[in-house]
Amino acid sequence: MNDGLLRELAPQVLTALVRRYGGFDTCEDAVQEALLAAAVQWPRDGVPDNPKAWLITTASRRRIELFRSETARQRREEAVVALAPPDPDPAPAVDDTLTLLMLCCHPALTRPSQVALTLRAVGGLTTAEIARAFLVPEPTIGQRISRAKQKVKGTSFRLPPADERPARVAAVLQVLYLVFTEGHTASEGSAVDRVELTAEAIRLTRQLHAELPEDGEVAGLLALMLLTAARRAARLGPDGTMVPLAEQDRSRWDAGAIAEGTALITHALATAAVGPYQLQAAIAAVHDEAASAEDTDWPQILLLYDLLRQVAPGPMVTLNRLVALAMVEGPAVALAELDAADQPDHYRVDVVRAHLLELAGDLPAAREYYATAARRTLSLPERRHLEARALPDLRK
C-alpha cells in the first residue's frame, strides 16, 4: 500500500470535511483516524476503486462519532443521528491546498506549531513520524498539534482577505523552507539528512506552485529545493563520511532535478520581482551547472550574494558570502571582513573561519577552529567530518 497516496489524499479529505461540517480540530482528528484505518485495511482488503471517497466516507462517519461523544444534550444527539450519509465524494472541484496551508500557518501560531500542524494536516504525517523527523518526543509534538488546533478552532475555512494573503503566503514559504532545511541537513542526531522531510517539503511546494504559478518566490523556493536535493546522492562517501561540495562526484547529481530547477528559476527571474528564495535558487543553479568545482562562476555567485544581502540580510548570508568573496578576492580579504563583522555565537562561524584559514595556508589555525566547531555541532556526521578536517594531516 502506497503511503504517498494517503499523504496526497489527506489534505483533500480534510478540506472536504471542513467545508461540509466545519470544526477544523474535530475534522482533522477524524481524518487521521480514517488514514489509520486505511493503513490497516487496504493492505489486507485492497485499495478501493475510489480511495478518496472511501476516506471521506470513513472520516465523515468518525467525525459524527466524535461529535456524538462530545455532546450530552439530546437535541444534538438527535441532529447527528438525523444526518444523512455523506455523498461518495463531496469534495469541491477546486484544490483547497492553499487555503489549508494558510490555515495551518495562521499568524496566531508559533513557528514550531505551524510546522507540526502543516505536516500533520497537509502532509498527512502521523504525530510519531513528525516527532521522529525532528528528534522531538512524540508527546511534545502531540501537544503542539493539539494547542494549534485549539487556536485555529472557529477560524473560517476560506482564503484570508487579499491584503493579508502576501504575509500568509510568506509564512507558508518559511514553514516549507524550514521543513526542507531540517530534512536536507539534520541539525542533530546520527543522520546527515531526513529524506522524508525533504520529499514532503518538495511535494507540498509543488502543490503550492500549482496554486500560485506566477508567484516568483514560490517558484524560487521550489527551484531551490530541487537544485539542492539534486546533490543528495553525492553527499556521502563509500564509508559514510560527508563529502564537501567541491569534492563531490558530480556525475551522481540528479540531472533531471537540476534541469527542472534551473528552468523554474530562469523563468521566475525573467517574469517576477526578485526575492530571496529566487536569489538562493540562482546561487544553487550556478553551483549545479558547473562541470567541476574549478569551473564554478564565483564572481556571479558573489554578485548574487551581494544582492541577497540587500534583500534579506542575515548572519548565514554573510558567512556564505564570505566564502564566495574568498574565492574571488582571496581569503585574506574575507578573513578581514569576518573579523569586522558582528559574528553570531554559532559554530558555523568557526567552520567558515577554519575554511578561510585553510585557503590562506594557515593549517594549524584552521585545525584549531575545525576542532572547536566539531565540539559545538549536534550533528554526529558533521562532527566526524569536522574532526577529520582537524587532523594534523590536513591538506589544502
Side-chain angles (χ1 to χ4, degrees), residues 97-98 101-102 104-105 107 111 114-115 118-119 122-123 160 164-185 187 193-194 197-232 245 253-254 256-290 297 300-321 323-324 348:
T97 300
L98 178 59
L101 278 168
M102 287 192 174
C104 292
C105 296
R111 185 67 77 227
Q114 290 175 339
V115 169
T118 298
L119 290 176
V122 191
E164 295 181 13
R165 290 181 196 176
R168 295 287 281 275
V169 171
V172 171
L173 292 177
Q174 289 174 0
V175 166
L176 295 177
Y177 178 74
L178 177 60
V179 173
F180 178 84
T181 301
E182 180 60 30
H184 179 69
T185 305
S187 59
D193 56 14
R194 300 185 179 113
L197 285 181
T198 54
E200 194 57 31
I202 291 173
R203 186 181 73 84
L204 295 178
T205 308
R206 280 192 188 281
Q207 291 186 353
L208 187 60
H209 179 56
E211 294 263 350
L212 302 171
E214 301 307 317
D215 190 305
E217 279 295 80
V218 175
L221 180 58
L222 179 56
L224 175 61
M225 291 179 178
L226 291 169
L227 292 163
T228 304
R231 310 174 198 142
R232 180 177 180 272
L245 178 62
W253 288 1
D254 186 337
I258 293 173
E260 182 183 1
T262 301
L264 277 168
I265 188 55
T266 300
H267 177 75
L269 289 173
T271 59
V274 176
Y277 293 118
Q278 294 170 68
L279 291 171
Q280 291 179 73
I283 292 168
V286 175
H287 279 296
D288 287 8
E289 290 179 320
D297 188 346
Q300 184 179 359
I301 290 177
L302 179 59
L303 174 61
L304 289 168
Y305 270 121
D306 285 337
L307 293 173
L308 183 59
R309 187 169 59 166
Q310 296 178 27
V311 173
M316 292 304 121
V317 173
T318 297
L319 291 174
N320 290 332
R321 178 189 168 277
V323 174
R348 286 285 177 194

Check your understanding: Taking only residues two or more places apart in sequence, or in another chain, which ones meet Asp193 in a salt bridge (charged side-chain N to carboxylate O under 4.0 Å, His left out)?
Key -> Arg232, Arg235
Check your understanding: So Leu307 and Val274, side-chain contact (heavy atoms from CB on, under 4.5 Å) or not? Walk me through it.
Key -> CA-CA 10 Å; Leu307 293 173; Val274 176; over 6 Å; no
Practice item. Please collect all ring pair (Phe, Tyr, Trp, His ring centres under 6.0 Å) contacts where either partner lies in residues 205-229, sequence neighbours excluded, each pair once. Key: none
What heavy-atom pair brings [X] and [Y] nearest, and what distance separates the two atoms?
| X | Y | value |
| --- | --- | --- |
| Thr198 | His184 | CG2-N, 3.2 Å |
| Ala281 | Ala223 | CB-CB, 4.0 Å |
| Met102 | Val169 | CE-CG2, 3.1 Å |
| Leu269 | Ala282 | CD1-CB, 4.2 Å |
| Arg168 | Pro160 | NH1-CB, 3.8 Å |
| Thr118 | Cys105 | OG1-SG, 3.8 Å |

Point to revise | All ring-ring contact (aromatic ring centres under 6.0 Å, His included) counterparts of Tyr177, not counting sequence neighbours | key: Tyr277
Measure the [atom1]-[atom2] distance between [X] and [Y] for me, rounded to the nearest 0.5 Å.
| X | Y | atom1 | atom2 | value |
| --- | --- | --- | --- | --- |
| Glu217 | Leu212 | CD | CG | 12.0 Å |
| Gln280 | Leu227 | CD | CG | 11.5 Å |
| Ile202 | Leu197 | CD1 | CG | 11.0 Å |
| Asp215 | Leu222 | CG | CG | 11.5 Å |
| Arg309 | Leu302 | CZ | CG | 8.5 Å |
| Leu226 | Leu221 | CG | CG | 9.5 Å |

Run the side-chain contact (heavy atoms from CB on, under 4.5 Å) test against [X] and tell me which residues pass, sequence neighbours left out.
| X | value |
| --- | --- |
| Leu303 | none |
| Asn320 | Tyr305 |
| Ala312 | Pro276, Leu308 |
| Gln300 | Val286, Asp297, Leu304 |

Exercise for review: Test Asp288 against every option in Ile283, Ile258, Leu245, Thr262 by the side chain to side chain contact (heavy atoms under 4.5 Å, CB included) rule and name the one that passes.
Suggested key: Ile258
[X]: which residues meet the side-chain hydrogen bond (donor to acceptor under 3.5 Å, both in side chains) condition with it, sequence neighbours left out?
| X | value |
| --- | --- |
| Asp254 | none |
| Glu289 | none |
| Arg111 | Gln114, Gln174 |
| Arg321 | Asp306, Glu337 |

Practice item. Scan for salt bridge (Lys or Arg N to Asp or Glu O under 4.0 Å) pairs involving residues 259-271, sequence neighbours excluded, and state none if there are none. Key: Arg206-Glu260
Point to revise | Side chain proximity check, Leu101 to Gln207, heavy atoms < 4.5 angstrom | key: no
**Study point:** Chi angles and distances behind the side-chain contact (heavy atoms from CB on, under 4.5 Å) call for Phe180, Thr228
**Key:** CA-CA 10 Å; Phe180 178 84; Thr228 304; 3.9 Å; yes
